[in-house]
Colleague: 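My questions will all concern the structure given below.
Every number for a ligand or one of its atoms is a count from 1 in the order of the listing.
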Amino acid sequence: MNLSSTITGLAYGGKTTLFNLLTGGHAPTGAFAGAEGETNIGVAKVPDGRVDKLSALFKPKKTTFAEITYRDLGLAKSATPGEGISPKKLGDLRNSDALVHVVRAFADPSVPHPEGSVDPLRDMATLDLELLFSDHAIVERRLDSLEREMRSAKGPDREAKERELAFLQRAKPALETETPLRDLEVEPEEQRLIRGYRFLTLMPQLVVVNVDEGDVASPDAVLAPLRAAATMHRGTAVVAVCAKIEAEIAELPAEEASTFRAELGLAEAPLDRVVHATYDLLGLTSFFTAGEDEVRAWTIFKGSTAQQAAGAIHSDLERGFIRAEVIRWDELLKAGSEANARKQGQLRTEGKTYQVADGDVINVLFNV
Ligand SMILES: Nc1nc2c(ncn2[C@@H]2O[C@H](COP(=O)(O)OP(=O)(O)OP(=O)(O)O)[C@@H](O)[C@H]2O)c(=O)[nH]1
Ligand SMILES: [Mg+2]
């Protein structure tokens with residue numbers, strides 16, 4: 001699965017600093033780009049110690065981590081609802097699996113604030129309103145055209161349009177009362193009908209609070225009200241990062257970095273924190289393939305079957321799936337080699353409907 005996440009938020013909140021932390025990039029920060037600013041695109045390798053260990057065991061030619069593509073959008077200076085995000089950027093936003101919403105909670109008078117003062121709760125709501133407005137405009141436009149189309153629609157086409165109409169008629173008042181669409185019950189059939197609109201408030205949202213250097217050791221007081229407001233809504237999670245300090249840590253050699261991080265009481269690097277929260281939010285999990293050629297991590301939805309997991313590797317493997325040999329990554333490490341695991345009967349044989357568990361190492365046997 002090729003995950004793609006878009007970083008958004010008001011100007012000067014630390015979006016590009018976070019983008020650099022996640023992707024190991026060096027995009028210029030602090031240079032307010034304005035509404036037509038460049039979009040940065042980069043790829044984050046999903047850190048996974050289990051892959052490192054499997055790779056040490058197999059010594060493969062190639063080790064491949066899961067990846068998430070991040071886009072970083074510069075926004076207009078002040079997000080006046082309906083005016084703050086250009087249509088091109090809205091298009092970029094819509095083309096994602098999840099949104100990363102950076103909210104500024106650092107004071108630093110040397111960094112201007114688009115709204116004139118630091119108020120993370122207000123800023124979070126400002127950007128959310130922007131997303132609600134954008135979805136609302138789509139709903140209104142579609143309601144107009146649907147009404148016209150309904151006049152001549154017949155049969156199954158009419159039924160589909162009626163379902164869509166019913167959804168949009170629920171969506172409109174929800175958006176008007178500042179309810180993101182992910183709070184609505186959307187049935188699978190409705191989901192299919194509205195998928196093409198790429199509603200922004202339907203996307204899972206990870207709020208990254210960019211906390212002040214002074215709050216980095218104990219961000220809970222800053223986080224609590226934001227978490228309370230954000231998690232009133234489904235599909236929303238909140239994490240804290242101090243982008244400035246993390247950017248400095250990122251320049252240190254690995255060992256010094258972890259000492260420094262430990263001294264500051266920072267358990268996880270931002271990439272780990274953001275990736276873990278994203279996997280939780282989207283209900284994702286990992287399995288591995290391991291051999292002499294390649295050790296590789298794959299991302300699937302939790303609850304996927306062995307056959308669906310095979311499809312993540314290649315559609316041929318899903319179509320021609322016969323069975324899978326499965327072992328947990330740590331059991332494989334303990335066995336010392338695949339051959340040993342096989343000898344000791346630790347490679348389980350599983351069928352199409354086996355539910356893949358996080359950390360399974362899978363070998364798909366197939367025939368096409
Ligand atoms: N003190 C402090 N400064 C920060 C922090 N995070 C970012 N900054 C600074 O704030 C300024 C803006 O950061 P950027 O990462 O460029 O913010 P942005 O959201 O990408 O800004 P635009 O793209 O212009 O909207 C830069 O000078 C950063 O160094 C932080 O946690 N603390
Ligand atoms: Mg930027």
Side-chain angles (χ1 to χ4, degrees), residues 5-42 44 69-80 83-86 88-90 92-93 96 99-128 130-131 205-223 226 238-252 257 260-261 264-266 268-271 273-274:
S5 227
T6 305
I7 303 174
T8 186
L10 301 193
Y12 279 136
K15 297 184 296 294
T16 305
T17 311
L18 180 72
F19 169 83
N20 286 339
L21 287 168
L22 299 178
T23 61
H26 288 92
T29 60
F32 173 64
E36 296 312 317
E38 290 292 302
T39 296
N40 297 310
I41 302 181
T69 300
Y70 282 99
R71 276 203 210 81
D72 160 36
L73 301 189
L75 296 185
K77 196 148 217 148
S78 167
T80 310
E83 290 176 13
I85 310 182
S86 74
K88 181 185 173 302
K89 304 231 165 208
L90 280 173
D92 281 344
L93 269 182
S96 9
L99 302 180
V100 174
H101 177 174
V102 177
V103 176
R104 172 169 172 178
F106 65 88
D108 201 339
S110 76
V111 180
H113 195 296
E115 307 286 333
S117 63
V118 176
D119 183 345
L121 211 49
R122 175 202 59 203
D123 290 355
M124 186 170 79
T126 301
L127 198 271
D128 277 337
E130 190 79 27
L131 306 180
Q205 195 185 110
L206 178 63
V207 177
V208 176
V209 183
N210 192 1
V211 297
D212 198 83
E213 291 84 314
D215 293 320
V216 69
S218 47
D220 285 347
V222 178
L223 281 189
L226 292 159
V238 180
V239 296
V241 162
C242 178
K244 177 93 182 260
I245 290 182
E246 294 290 355
E248 285 161 17
I249 295 178
E251 301 297 318
L252 299 174
F260 194 40
R261 184 166 278 120
L264 287 170
L266 297 168
E268 279 182 316
L271 177 58
R273 196 170 312 168
V274 166

Colleague: Between ligand 1 and D72, is the shortest N or O to N or O distance under 3.5 Å?
Modeller: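 Min N/O separation from ligand 1 is not below 3.5 Å for D72.
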
Colleague: Mind checking side-chain contact (heavy atoms from CB on, under 4.5 Å) for I41 and listing every partner two or more places apart, or none if nothing turns up?
Modeller: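 T39, T69, R71.
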
Colleague: Show the nearest heavy-atom pair for residues G42 and T23, with the distance to one decimal.
Modeller: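 Heavy atoms only, the tightest pair is C-CG2, 3.7 Å.
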
Colleague: Using heavy-atom distances, let me know which of T17, I245, D212 sits nearest atom 14 (P) of ligand 1.
Modeller: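 That would be T17.
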
Colleague: Counting each atom of ligand 1 from 1 as listed, which ones have a heavy atom of A243 under 4.0 Å away?
Modeller: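 This gives 6 (N), 31 (O) as the contact atoms.
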
Colleague: Are any side-chain N or O atoms of D215 and backbone N or O atoms of S218, one a donor and one an acceptor, separated by less than 3.5 Å?
Modeller: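 Looks like no, no N/O pair under 3.5 Å.
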
Colleague: Side-chain donor-acceptor contacts of residues 102-111 below 3.5 Å, not counting sequence neighbours, with atom names and distances?
Modeller:
unit_1, atom_1, unit_2, atom_2, d
R104, NE, F106, O, 3.0
R104, NH1, V111, O, 3.3
R104, NH1, P112, O, 2.9
R104, NH2, A107, O, 2.8
R104, NH2, D108, O, 3.3
R104, NH2, V111, O, 3.0
D108, OD1, S110, N, 3.0
D108, OD1, S110, OG, 2.6

Colleague: Which residue from L10, V111, N20 reaches closest to atom 10 (O) of ligand 1 through any of its heavy atoms?
Modeller: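 Minimum heavy-atom distance to atom 10 (O) of ligand 1 goes to V111.
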
Colleague: Locate the shortest heavy-atom distance separating T6 from D92; write the atom from each residue and the value.
Modeller: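 Heavy atoms only, the tightest pair is OG1-O, 3.7 Å.
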
Colleague: With nothing but distance in play, are any N or O atoms of G30 less than 3.5 Å from an N or O of ligand 1?
Modeller: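 Between G30 and ligand 1 (N or O atoms, distance only) the closest approach is under 3.5 Å.
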
Colleague: May I ask you to check if any N/O/S atom from T29 comes under 2.8 Å of the Mg ion (ligand 2)?
Modeller: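 Here the distance criterion (N, O or S atom, under 2.8 Å) is not met by T29, so no.
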
Colleague: For D108, counting its heavy atoms only, list the atoms of ligand 1 lying under 4.0 Å from any of them.
Modeller: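 Counting from 1, the qualifying ligand atoms are 1 (N), 2 (C), 3 (N).
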
Colleague: Using 4.0 Å as the upper bound for N to carboxylate O, is an ion pair formed by E246 and R261?
Modeller: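 Between E246 and R261 there is a salt bridge, with a charged N closer than 4.0 Å to a carboxylate O.
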
Colleague: In terms of atom number and element, which parts of ligand 1 are under 4.0 angstrom from non-hydrogen atoms of V211?
Modeller: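 Here the atoms of ligand 1 in question are 31 (O).
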
Colleague: Determine whether the side chain, the backbone, both or neither of F106 has a heavy atom under 4.0 Å from any heavy atom of ligand 1.
Modeller: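 Answer for F106: side chain.
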
Colleague: Looking at T16, which atoms of ligand 1 are within less than 4.0 Å of one of its heavy atoms?
Modeller: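 Every atom of ligand 1 under 4.0 Å from some heavy atom of T16: 15 (O), 18 (P), 20 (O), 23 (O).
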
Colleague: If you apply the rule side-chain hydrogen bond (donor to acceptor under 3.5 Å, both in side chains), what do you find for H113 with D123, and how did you get there?
Modeller: CA-CA 10 Å; H113 195 296; D123 290 355; 2.8 Å; yes

Colleague: Counting each atom of ligand 1 from 1 as listed, which ones have a heavy atom of A11 under 4.0 Å away?
Modeller: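 It comes down to these atoms of ligand 1: 25 (O).
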
Colleague: Can any side-chain N or O of K15 pair as donor or acceptor with the backbone N or O of L10 at less than 3.5 Å?
Modeller: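 Indeed, once roles are kept as given, a pair shorter than 3.5 Å links the two residues.
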
Colleague: Minimum heavy-atom separation for Y70 and F19, please, with both atom names.
Modeller: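 Answer, listing the atom of Y70 first, then F19: O-CE1, 3.4 Å.
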
Colleague: For the 3.5 Å polar cut-off, considering only N or O atoms, please tell me whether T29 and ligand 1 meet it.
Modeller: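 Between T29 and ligand 1, no N or O pair is found under 3.5 Å apart.
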
Colleague: Looking at C242, which atoms of ligand 1 are within less than 4.0 Å of one of its heavy atoms?
Modeller: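 So the atoms of ligand 1 that pass are 31 (O).
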
